[in-house]
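Comments concern the structure below.
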Amino acid sequence: MSKLVKLWNWNKFLNDLEKPEHTILGLMSGTSADGLDIANVVFKQEDDGLVFQIKEAITVPYDKEVQQKILDSYDKKLSNVEYITLINFELAKLHAKMIKELNIDFDFIAYHGQTIYHLPEKGATLQIGEADVLAVELGKPVIYDFRKKDMVLGGQGAPISSYFDSLFLIKDSKTAVLNIGGISNVTVINKDGDLIAFDTGPGNCLIDLVCQKHFHVRYDVNGELSSKGNLYETLLKILLEQDKTFIEKRPPKTTGREIYNEDFLSKALNNTGKVDIFDLLRTLVRFTAESIAKNLRLHVPHVKILVVVGGGAFNKTILNDLKDLSFEVIIPEETLINFREAVSIALLGELFLRGMAHSITVTGAKKPAVLGKLALPV
């Protein structure tokens, strides 16, 4: 009697890959750690290329305890090997539970997980959320770990949403897609006609930090809190000086909360004395806008139009600052603003299944590659 048993039908799986239409559940948990973005996306291969339709899209928020556990995992003083090992499984179990409760149909899962440490200058990155947990709990193949191969090929591992931007949002070289999430990043066609993407620095991360610490709310809803403050020019100059090295660094480049955190803010505040909390928040919003503008003017000065997505697209104070800095601002429909990254992850899952990649890399990788790995259900 054989000691081996066949458990997976590769022929059926390969036939599924060749179907002209796939429904892929894109899952994204961003650096703000405020919840799981879920986008159920139908991709269809047509004669003139790939088209998509968002069937369902929802954010399932984390409770404050879960959010804090994730944020603590970023902090070398608060986390350790045991902590990361446990939260890797705990977070995936929570994500699987969230999806089961939605009762939606899909063929595959594209799972970004949660970035907790990103060190592009050392060619390393870590996303937690154990993909095998989702594969087993949800009974579907999971494509995951989209950043590491890019980094092995010399890339920054980010911003990987740029491939979606290139295919579906960017119409000409004057237009850039600006994603204001925890970190801000842009995708744009450079003066040589090549697609490039890079992080510009902070997005909502410092703003959220102050909102949570001083106002006891998760974020600055519609920019209402920051609009009540006045700009503190001295603090703004100090922040921009602290950020000068990253602003001037040539793309491709990426960054994260390991840089823009409470230590970054405390360093600036140590040189200013006591600051009114509304003025602090207003100044951080302007700092975010200025860091975006300085990056664009230095590295892609032909950009005049910004298609703004991510949570920052709802912050009227940031949008007004960008307009004040002479950019035309375009806001897409709300579903795409909220779920661009989850849809982008679903796209990477679709490209993995098709064995495809964007023809041009935007991260500094030596060559295009099929990104992702596969976790099978049982």
Side-chain angles (χ1 to χ4, degrees), residues 7-9 12-13 16-17 19 21-44 52-73 83-116 126-147 161 181 218 311 334-336 338-353 372-378:
L7 297 175
W8 184 251
N9 188 335
K12 180 184 181 304
F13 182 69
D16 290 341
L17 299 189
K19 290 178 179 177
E21 185 174 302
H22 298 140
T23 301
I24 300 184
L25 196 69
L27 307 178
M28 179 72 193
S29 183
T31 53
S32 298
D34 48 8
L36 180 67
D37 289 341
I38 302 169
N40 201 24
V41 187
V42 178
F43 290 97
K44 193 170 183 180
F52 77 98
Q53 179 184 4
I54 302 172
K55 285 179 66 180
E56 295 105 356
I58 186 172
T59 296
V60 183
Y62 298 134
D63 62 37
K64 287 184 179 179
E65 181 182 355
V66 171
Q67 182 184 39
Q68 194 57 53
K69 286 186 78 171
I70 295 170
L71 295 177
D72 287 349
S73 74
Y83 188 98
I84 299 303
T85 301
L86 290 172
I87 197 173
N88 180 48
F89 280 82
E90 289 170 8
L91 193 59
K93 289 175 183 176
L94 176 61
H95 290 164
K97 181 175 180 290
M98 289 173 169
I99 294 161
K100 283 180 180 178
E101 289 173 353
L102 295 175
N103 195 28
I104 52 180
D105 294 323
F106 50 88
D107 303 319
F108 302 93
I109 300 165
Y111 187 41
H112 175 269
Q114 177 74 52
T115 298
I116 62 167
L126 181 62
Q127 288 73 44
I128 60 170
E130 181 52 56
D132 274 322
V133 172
L134 268 71
V136 171
E137 291 288 331
L138 301 174
K140 299 289 185 180
V142 179
I143 306 106
Y144 69 103
D145 230 355
F146 295 103
R147 298 186 188 272
S161 297
R218 287 189 171 192
E334 189 171 334
T335 302
L336 199 52
N338 285 328
F339 296 98
R340 164 185 166 269
E341 289 192 309
V343 174
S344 299
I345 295 301
L347 171 65
L348 291 177
E350 171 69 6
L351 295 180
F352 176 93
L353 296 173
K373 301 170 185 172
L374 181 65
L376 298 176
V378 294

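Counting begins at 1 with the first residue of the sequence.
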What do you reckon, is CD of E21 surrounded by more than 12 foreign heavy atoms closer than 6.0 Å? yes

Got a second to check how far E90's CD is from T85's OG1, nearest 0.5 Å? 10.5 Å

Smallest heavy-atom separation, A135 atom then P377 atom, equals O-CB, 3.3 Å

Under 3.5 Å: donor-acceptor pair, side chain of Q114, backbone of G30: yes

Give, for atom CG of L353 and atom CG of L348, the distance between the pair rounded to the nearest 0.5 Å. 11.0 Å

Residues that Y144 engages under ring pair (Phe, Tyr, Trp, His ring centres under 6.0 Å), provided they are two or more places apart: none

Looking at side-chain heavy atoms only, is the closest gap between I84 and L126 below 4.5 Å? yes

Residues A342 and A39: closest non-hydrogen pair is CB-CB, 3.8 Å

Can you name the nearest heavy-atom pair linking F146 to I345, along with the distance? CE1-CG2, 3.8 Å

Which heavy atom in K69 sits nearest to a heavy atom in Y83, and how many Å separate them? O-OH, 2.7 Å

Mind checking the OG-CZ spacing from S344 to F52? Nearest 0.5 Å is all I need. 8.5 Å

Are the side chain of D107 and the backbone of I24 linked by a donor-acceptor contact shorter than 3.5 Å? no

Residues at least two apart in sequence or cross-chain that pass ring pair (Phe, Tyr, Trp, His ring centres under 6.0 Å) with F352, listed by chain then number, are none

Is there side-chain contact between F106 and I99, with heavy atoms separated by less than 4.5 Å? yes

Check this for me, if you would: do D16 and K19 make a salt bridge, where the nitrogen-to-carboxylate-oxygen distance has to be below 4.0 angstrom? yes

In terms of heavy-atom contacts, I70 and A33 come closest through CG2-CB, 3.6 Å

Apply side-chain contact (heavy atoms from CB on, under 4.5 Å) to V41 and E350, showing your working. CA-CA 10 Å; V41 187; E350 171 69 6; over 6 Å; no

Is there a side-chain contact (heavy atoms from CB on, under 4.5 Å) between I38 and V60 once you walk through the steps? CA-CA 8 Å; I38 302 169; V60 183; 3.9 Å; yes

Could you state the interatomic distance from NZ (K140) to CG (L376), rounded to the nearest 0.5 Å? 13.5 Å

For the pair R218 and D34, find out whether any cationic side-chain nitrogen is under 4.0 Å from an anionic carboxylate oxygen. no

d(R340 CZ, D37 CG) to nearest 0.5 Å is 12.0 Å

For a side-chain contact (heavy atoms from CB on, under 4.5 Å) check, start with the C-alpha distance between H95 and L91, then their side-chain angles and the critical distance, and finish with the verdict. CA-CA 6 Å; H95 290 164; L91 193 59; 3.5 Å; yes

Test item: N338 and T59 side chains (from C-beta on) under 4.5 Å apart, heavy atoms: no

Within a strict 4.5 Å, meaning less than it, do heavy atoms of the L27 and L36 side chains meet? yes

Is a side-chain N or O of N88 found less than 3.5 angstrom from the main chain of G129, in a donor-acceptor match? yes

Looking at residues at least two apart in the chain, or sitting in another chain, which of them share a side-chain contact (heavy atoms from CB on, under 4.5 Å) with E137? A96, K100, V133

Residues K97 and E101 bridged, charged N to O under 4.0 Å: yes

For F108, enumerate each residue passing the ring pair (Phe, Tyr, Trp, His ring centres under 6.0 Å) test, keeping only those at least two apart in sequence or located in another chain. H22

Do the non-hydrogen side-chain atoms of F339 and M28 ever get within less than 4.5 Å of each other? no

Would you give the length of the straight line joining atom CD1 of I143 to atom CG of L351, rounded to the nearest 0.5 angstrom? 10.5 Å

Identify the two heavy atoms, one from Y62 and one from S29, that lie closest to each other, and give their separation to 0.1 Å. OH-OG, 2.8 Å

Close side-chain approach of E341 and H112, heavy atoms under 4.5 Å: no

Name all residues meeting the side-chain contact (heavy atoms from CB on, under 4.5 Å) criterion together with D105; count only those two or more places apart in sequence or in a different chain, and write none if there are none. none

Is there a side-chain contact between Q68 and L71 in this structure, where contact means two heavy atoms from C-beta onward sitting under 4.5 Å apart? yes

Contacts of F13 meeting ring pair (Phe, Tyr, Trp, His ring centres under 6.0 Å) (sequence neighbours excluded), chain-then-number -> W8, W10

